[in-house]
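In what follows, every chain begins at residue 1, and chains take the letters A, B, ... in the order their sequences are listed.
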Amino acid sequence: MNTFEKIYEVVKKIPKGKVATYGQVASLAGNKRWARVVGYALHSNPDPQNIPCYRVVTRDGKPSQAFVFGGVNEQINLLKEDGIEIIDGVVDMKKYQWDTPMHYSFFS
DNA sequence: GGTCTGACGAAAG
DNA sequence: GCTTTCGCCAGAC
């Protein structure tokens with residue numbers, strides 16, 4: 001399993017109603033330093049239907065600037081559909097961040 | 001086929 | 001506490 005596939009597996013496992021940060025996904029995928037790669041992996045996004053990239057946000061709980069794939073509102077709307085509250089385009093990470101232990105890895 | 005660059009993030013200065 | 005640097009991988013040039 002290559003790096004991208006690991007990342008995709010993690011992203012696909014983000015539960016509904018939760019969001020995860022790039023760094024968190026990277027960490028879960030095996031190495032937190034992959035944050036950048038996570039972003040690029042999502043950029044490739046070979047399987048948008050199974051890869052909810054809108055649930056992946058920066059550590060601030062905001063979608064990245066370059067995220068706009070039709071308007072940031074679209075992502076916000078999708079997140080709200082999951083029951084996630086968006087305040088001024090920012091997710092309340094305390095409430096909605098995927099509560100997975102940072103040390104845990106799907107691919108130990 | 002080597003180099004540059006990009007949806008990030010954390011540590012160092 | 002803000003700015004800079006480095007780490008990581010894949011695709012474009």
Which protein N or O atoms sit under 3.5 Å from an N or O of nucleotides 1-6 of chain C?
none

Heavy atoms from C-beta onward define the side chain here; which of [options] lies closest to that of [X]?
X     : options               : value
A/T58 : C/dC8, C/dA10, B/dC8  : B/dC8
A/K32 : B/dA11, B/dG9, C/dA10 : B/dA11
A/C53 : C/dC9, B/dA7, C/dA10  : B/dA7

- Residues A/K12, A/E9: salt bridge by 4.0 Å N-O rule: yes
- Message: I'd like the C1' distance from C/dA10 over to B/dA10, given in whole Å.
- Response: 22 Å
- Distance between P atoms of C/dC13 and B/dA7 (Å, rounded): 14 Å
Do [X] and [Y] have side-chain heavy atoms sitting under 4.5 Å apart?
X     : Y     : result
A/V56 : A/T21 : no
A/L79 : A/Y54 : yes
A/V19 : A/I14 : no
A/C53 : A/V11 : no

- Query: So what does A/R59 touch, heavy atoms closer than 4.0 Å: a base, only the sugar-phosphate, or nothing?
  - Reply: sugar-phosphate
Nucleotide [N], atom [atom2] - distance to [atom1] of [X] in whole Å:
X     : N      : atom1 : atom2 : value
A/N2  : C/dG11 : CG    : P     : 9 Å
A/Y8  : C/dC9  : OH    : C1'   : 11 Å
A/Q97 : B/dG9  : CD    : P     : 11 Å
A/I7  : C/dG11 : CD1   : C1'   : 14 Å
A/Y22 : B/dA10 : OH    : C1'   : 16 Å
A/W34 : B/dA10 : CH2   : P     : 16 Å

- Task: Take A/K18 and A/R55 through the side-chain contact (heavy atoms from CB on, under 4.5 Å) test and state the conclusion after the steps.
- Result: CA-CA 7 Å; A/K18 295 285 183 179; A/R55 286 187 191 146; over 6 Å; no
- Evaluate the side-chain contact (heavy atoms from CB on, under 4.5 Å) criterion for residues A/I76 and A/E74: first the C-alpha distance (whole Å), next the side-chain angles of each, then the deciding distance (0.1 Å), finally the verdict. CA-CA 5 Å; A/I76 294 175; A/E74 183 64 17; over 6 Å; no
- Query: In residues 40-51 of chain A, which ones come under 4.0 Å of DNA chain C, going by heavy atoms?
  - Reply: A/Y40
- Return yes when atom NZ of A/K62 has more than 12 non-hydrogen atoms of other residues, nucleotides or ligands closer than 6.0 Å, and no otherwise. no
- Task: Rounded to the nearest 0.5 Å, what's the gap from OH on A/Y8 to CG on A/N45? Could you check?
- Result: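 Separation between the atoms: 7.0 Å.
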- Query: For A/R33 and A/F4, take the nucleotide of DNA chain C holding the closest heavy atom to each; which residue's nucleotide lies nearer the 5' end?
  - Reply: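 Final value for this comparison: A/R33.
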